[in-house]
Amino acid sequence: MSGEWPERVVCRFDDLADPGAREFRIGEGYWPFRGLVVRRGDAVYAWANVCPHQHMPLNLGDDDFLVRLGPGVLLRCAMHGALFVPETGVCVAGPCAGRGLQPLACRVEAGMVLVRAPEEQE
Ligand code: FES
């Protein structure tokens, strides 16, 4: 399904700290599509910004997605604290442990981060 969505530029690769994450929105109105991109080294991963627990956005409107844990980082849902592996989207702690974020096709070209995503929440 995600292969049918149009590919869009969501940010510049250099806009992402390492590690770093930021939200992007596509579409207008009450229900724009909300996604997030996260950088780990030279790699970028994209996920729908929808927590599998209660289908809320992981963030509170800012780009405060990452928590450091020892040498690594995890994505955190600000609502009830679920933690997700940035590279796999799998929840490793919290009320939706074992479930996962919806992946989005993502690549970097000419310094820009491109993601396939729908026009609004489906
Ligand atoms: S909505 Fe994300 S942990 Fe509850």
Side-chain angles (χ1 to χ4, degrees):
M1 181 66 186
S2 66
E4 300 167 18
W5 295 329
E7 192 172 53
R8 309 154 192 278
V9 172
V10 298
C11 67
R12 295 169 46 87
F13 181 73
D14 288 345
D15 291 339
L16 293 165
D18 180 22
R22 63 188 295 167
E23 186 185 47
F24 63 89
R25 298 185 186 203
I26 297 171
E28 307 287 331
Y30 291 116
W31 303 107
F33 180 83
R34 296 174 69 169
L36 69 102
V37 287
V38 55
R39 175 180 173 184
R40 296 286 281 142
D42 290 335
V44 181
Y45 307 88
W47 307 102
N49 187 12
V50 180
C51 182
H53 177 221
Q54 290 188 344
H55 308 289
M56 309 286 289
L58 271 62
N59 59 340
L60 299 175
D62 53 21
D63 289 326
D64 188 18
F65 287 101
L66 294 176
V67 291
R68 289 189 179 272
L69 227 66
V73 294
L74 293 168
L75 291 163
R76 178 194 56 207
C77 179
M79 195 59 66
H80 311 107
L83 297 172
F84 303 86
V85 177
E87 294 88 344
T88 65
V90 173
C91 178
V92 292
C96 47
R99 297 168 70 187
L101 301 171
Q102 179 187 5
L104 303 171
C106 177
R107 67 188 179 96
V108 178
E109 182 177 309
M112 307 304 283
V113 179
L114 296 105
V115 176
R116 287 194 182 277
E119 199 64 55
E120 57 187 15
Q121 297 290 358
E122 297 189 326

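Any value given below was found using the heavy atoms of this structure, including those in side chains, with hydrogens, waters and symmetry copies removed. When a ligand or atom number is given, it counts from 1 through the structure's own listing order.
Placement of V115 and Y45 in two distinct hydrophobic clusters is found when ILVMFWY residues are connected by side-chain heavy-atom separations under 4.5 Å, directly or transitively.
Side-chain contact check for C106 versus L114: every heavy-atom pair is 4.5 Å or farther apart.
Formation of a donor-acceptor pair under 3.5 Å by the R39 side chain with backbone atoms of G41 is found in this model.
Applying the side-chain hydrogen bond (donor to acceptor under 3.5 Å, both in side chains) test to pairs two or more places apart or on separate chains, those with a residue in residues 46-57 are E23-N49, N49-N59, H53-H80. Applying the ring pair (Phe, Tyr, Trp, His ring centres under 6.0 Å) test to pairs two or more places apart or on separate chains, none has a residue in residues 85-122.
Closer than 4.0 angstrom to ligand 1 by heavy atom are C51, H53, Q54, M56, C77, M79, H80, A82, P95, sorted by chain and number.
When the side-chain contact (heavy atoms from CB on, under 4.5 Å) test is applied to A48, the partners found at least two apart in sequence or on another chain are F33, V50, Q102.
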